[in-house]
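Below, chain A is the first sequence line, B the second, and so on; all start at residue 1. Worth knowing before you read on, the calculation uses all heavy atoms, side chains too, and leaves out hydrogens, waters and symmetry mates.
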Amino acid sequence: MTQSDLLEGLNPPQREAVTHAGRPVLVVAGAGSGKTRVLTRRIAYLVSQRDVHPGSILAITFTNKAAAEMRSRVIDLVGNRARLMWVSTFHSACVRILRSEIDAMGFRKTFSIYDDTDAKRLMTLVARDQNLDPKKFPPRALLNWVSNCKNELITPDQAIAKASGLDEVRAEAYKAYNERLRAANALDFDDLIMTTVLLFQQHPEIREAYRRRFRHVLVDEYQDTNHAQYLLIKQLCGDLGPDDGLPDDAPRITPGELMVVGDSDQSIYAFRGATIRNILDFENDFPGARTILLEQNYRSTQTVLSAANAVIQHNSGRPDKKLWSEAGAGEQIVGYVADTEHDEARFVAGEIDSLVDGGRAKYSDVAVFYRTNAQSRAFEEVFIRVGLPYRVVGGVRFYERREIRDALAYLRAIANPSDDVSLRRIINVPKRGIGERAEVALAMLAANEQISFADAIERAEQAPGIATRSLNQVRAFGQMMADFRAMVDAGLPASDVLEAVLKRSGMIDELRNSSDPQDETRLENLIELVKVAQEFVAQATTQDLAGQDDFEVVASTGTDGAADPGAELAGALATAQPEPDASLGAFLERIALVADSDQIPDAGADAGVVTLMTLHTAKGLEFDTVFLTGLEDGIFPHMRAMTDPAELAEERRLAYVGITRARKKLYLSRSVVRTMFGQPAYNPASRFFAEIPDDLIDWRRKESEVASWASGAAERTASARAALGSGTIFGTGRGQAIKKTLPTVNTGDRVLHSTYGMGTVVATHGSGDNAKADVDFGSSGVKRFALKYAPLEKL
DNA sequence: TACTTCCTGCTTTTT
DNA sequence: GCAGGAAGTA
């Protein structure tokens, strides 16, 4: 494709973004303004330039899926020449850098990557070691605190130095946690970024090599970057000034060209440290920067956009930008008030059915969004019943399942013998007679001798007080692990190692012989994992060959004065050629960084499926028809976000993201009653509803039949719950004291009355012998009964 | 040591 | 309304 072909169909600001040269550029792009398209075209445009080497391009996307898509699109546009560019997430890019440089930071190359669950487990251990009260210092909160430190690049010692009050405890926990990570030769997600930045700061010569290499850096979803990621960008292509750590007389290279794309209205990851400061201060951070505005929306109808604009305008302190569209008004937004979450799901299913039956949509054009993963259940139940094909993205993640984590813990313990956390996880999986006592004995040996747990297994006979029977088991286990490691050393691919592990460890046999019906799915999951490994190995081998294809190295002439990047680049690239890597380590790396959202069905490939996902997962996607569900105060906006204005603003941005995913048709729905924590709750309409002009909404059902009594129901639920605590029959559903003498009745339960027939409990009052319930019998109205006497039977 | 049965707390959102 | 932990039992 020629360069003018690449500009085809772009509007003037888009063209400007694609072709600009020199200064750093911030592209402020509204929803649906084609920013991914612009990024893709720009990369292709760069590659098609004679003096730009594709290996000098680094593009950062939010997910691996987005990276893969962008990569293949660019290759489609300009050919295999583009294969040498880096397109990846921040985390993958950092891992790739750390893989070659990590020894400079005191880790060994076989380092493990700990995800959130591993980190939490480790922090729980640390908190226990330090005798912290889990009520006062929940591991989850400690981890958040640590994560904030890491995002701000604060080391444990710095944290301790500046901490006061309770933070002193947290800082100590941070230090202990990090020491254990280090001992396990492991990094958590935040470490990946932080360590890379520290690497660059502490080793300017390494940093310079990468600065020379990456002449073009592009970052998508810049509003969702955190401080550490900003620092990383700055190290790679910012102006570092006199503090760059180089000798005064060393030659400096001109920073590479930077382009970031983002929309501060779509910032939805502040909870994990993302800050729109990065966008707002871009022009200060990168002097001489210019800003390009993309305001035309190519995705949605004006109705959808008007709704989105109306909602987001309730956030204060944002630069006003008005999205506009030439797509015409389009259809009205459909509003629906359901009685229960199942009713809501039935409505959604019914609408999808009639859209598809009427030939107005394919299943794959439709998406259902909700705030929390737990909300998917009602939809799944109803969709299964009516036979609507669907797919849930995210939720109980594949890689979070116990059997998968067990298998991966094996692999990690094999690849990284220092990884005590993984090793201790699987030493008795499946059960092989190495119990708690034996494990403690080994742990003590390891602690006394200052050796790793794996080494303690080698010397198990020295473990204090270990039983002979356990000792034999430990020896057998140690031998098995040694055999696995030998397989890795012999260069066997990851899939072979995995298969051997599953067979020899006995995990497969255990599941096969089990009577637990759940174990059948577990077995299937493990087989799926083997398939993933096989695909990975196959891909690793073929990709390497394809990379050689018709690629020719084009020497860069270098547009910078200070140094000639061309010659150095050629040298850097010679070593940067990917090796055929189907190894266990490479596989683990891939697994650790791939989120389940990377498995979003491709629009074409998975044609017959409705997509269910959280609003967060929906970012960056678009669908003809979107159902935005659960619009209730307490659900969306989420209860925990309602008190804090900043968090509420983020919820509103989330709503904005959700609305703007729709191309043509948008449904908004809420439910009056919703089961939460296993019991019903009454939530008022989401405030976001009121923020949308009513004339945009076509209400299919505006009032619930239960609405008349439900208006006061929220308070009633609250007071019933408050009265509850312990020993009463309502609310918790765990009423221990009176369980046997009185029927336990909760709001929402169906009951049978000897005179009035079937009814639904709509509210409860009092407790113990005074307990009363209001029951709705439909046409007979609502009656109040004392449970002690009433002829009520729970159904 | 392993299986059982309570019991608790949990729900934001994810690279 | 479920999973993961603690404590109790075979």
Side-chain angles (χ1 to χ4, degrees), chain A residues 60-67 88-95 113-117 119-121 124 128 134-135 138-140 144 147 150-151 188-193 221 224-226 228-229 267-274 369-378 393-397 399-402 428 430-439 467 469-470 473 516 518 592-598 613-620 630 634-642 644 647 650-651 653-655 657-658 674-681 726 732-734 736 746 748:
Chain A
I60 309 274
T61 56
F62 194 71
T63 65
N64 285 293
K65 165 103 177 170
S88 75
T89 61
F90 271 104
H91 288 85
S92 298
C94 285
V95 167
I113 299 169
Y114 279 9
D115 68 13
D116 206 50
T117 316
K120 196 177 157 197
R121 173 161 277 138
T124 311
R128 229 173 265 167
K135 286 247 157 59
R140 174 83 269 149
N144 273 342
S147 176
K150 290 185 174 180
N151 284 341
D188 66 20
F189 269 37
D190 298 311
D191 279 335
L192 292 176
I193 316 284
E221 311 283 12
D224 286 320
T225 53
N226 62 30
Q229 289 165 336
S267 160
I268 54 175
Y269 283 95
F271 71 91
R272 69 171 206 225
F369 299 155
Y370 35 78
R371 180 68 205 352
T372 65
N373 281 306
Q375 287 166 251
S376 72
R377 176 174 300 144
V393 182
V396 189
R397 301 185 153 62
Y399 294 109
E400 306 252 299
R401 288 164 212 264
R402 201 184 64 210
N428 200 27
K431 304 249 178 289
R432 53 168 71 87
I434 305 177
E436 202 185 332
R437 283 184 69 90
E439 197 192 323
R469 197 151 60 117
S470 308
Q473 298 299 329
D516 186 342
Q518 273 197 312
L593 298 173
V594 166
D596 273 14
S597 53
D598 292 342
M613 62 180 125
T614 66
L615 286 155
H616 282 86
T617 314
K619 184 171 80 155
I635 300 287
F636 184 34
H638 193 269
M639 205 156 24
R640 294 165 70 147
M642 291 205 305
D644 178 6
E647 285 185 60
E650 176 143 321
E651 297 283 310
R653 290 193 293 270
L654 199 52
V657 168
R674 179 179 297 277
T675 313
M676 289 171 82
F677 302 112
Q679 62 171 36
S726 58
T732 64
R734 294 173 197 148
Q736 310 93 347
N746 292 307

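Nucleic acid contact for A:R377: sugar-phosphate only, since backbone atoms but no base atoms lie under 4.0 Å from a heavy atom of the residue. Residue contacts for A:S470: at a heavy-atom cut-off of 4.0 Å it reaches the sugar-phosphate backbone alone, with no base atom in range. Nucleic acid contact class of A:E400 (heavy atoms, under 4.0 Å, all strands): none. Using a 4.0 Å heavy-atom distance criterion, A:N373 is classed as a sugar-phosphate-only contact. Among the atoms of the strands shown, none is found under 4.0 Å from any heavy atom of A:Q375.
Protein atom CG of A:L615 is 11 Å distant from nucleotide atom P of B:dT13, rounded to whole Å. Between the P atom of B:dT8 and the CZ atom of A:R140 lies a distance of 23 Å, rounded to the nearest Å. As rounded to whole Å, 6 Å separates atom C1' of B:dT15 from atom CZ of A:F62. For A:D188 and B:dT15, the CG to P distance is 16 Å, given to the nearest whole Å. Between A:K120 atom NZ and C:dA3 atom P the separation is 15 Å, expressed in whole Å. The CZ atom of A:R402 sits 10 Å away from the C1' atom of C:dG4 (whole-angstrom rounding). Atom CZ of A:R401 and atom P of C:dA3 are 11 Å apart (whole Å). In this structure, the NZ atom of A:K431 is 12 Å from the P atom of B:dT1, given to the nearest Å.
Two residues, A:R371 and A:F90, neighbour DNA chain B, and the one matched to the more 5' nucleotide by heavy-atom proximity is A:R371. Residue-to-nucleotide proximity on DNA chain B shows that, of A:E439 and A:H91, the 5′-proximal contact is made by A:E439.
When distances are taken from the side chain of A:T89 to each of C:dG5, B:dT13, B:dT15, the shortest belongs to B:dT15. The side chain of A:T372 has B:dT13 as its nearest neighbour among B:dC10, B:dT14, B:dT13. Set against C:dG5, B:dT1, B:dA2, the side chain of A:R437 has B:dT1 as its closest nucleotide.
A stacked arrangement is assigned to A:F271 and the six-membered base ring of B:dT13, with a centre-to-centre distance below 5.5 Å and an interplanar angle below 30°.
Contact between the side-chain N/O atoms of A:T617 and the OP1/OP2 oxygens of B:dT14 is found at a separation under 4.0 Å. Using a 4.0 Å cut-off, some side-chain N or O of A:N428 falls inside it from OP1 or OP2 of B:dA2. Dashed line: the shortest gap from a side-chain N or O of A:T614 to OP1 or OP2 of B:dT14 is under 4.0 Å.
Separation of the C1' atoms belonging to C:dG4 and B:dT13 is 22 Å when rounded to the nearest angstrom.
Taking A:F271 as the reference, A:Y269, A:H616 meet the ring pair (Phe, Tyr, Trp, His ring centres under 6.0 Å) condition, with sequence neighbours excluded. Applying the side chain to side chain donor-acceptor pair (under 3.5 Å) criterion to A:Y370, with sequence neighbours excluded, gives no partner residue.
Checked options A:N151, A:I193, A:D224; the residue passing with A:Q229 is A:I193 (criterion: side chain to side chain contact (heavy atoms under 4.5 Å, CB included)).
Ionic pairing of A:D116 and A:R140 is present here: one or more N-O contacts between side-chain nitrogen and carboxylate oxygen are shorter than 4.0 angstrom.
Nearest heavy atom pair, residue A:R371 against residue A:H638, reads NH1-CB, 3.7 Å.
Remark: the backbone N or O of A:S267 is paired with a side-chain donor or acceptor of A:R653 at under 3.5 angstrom.
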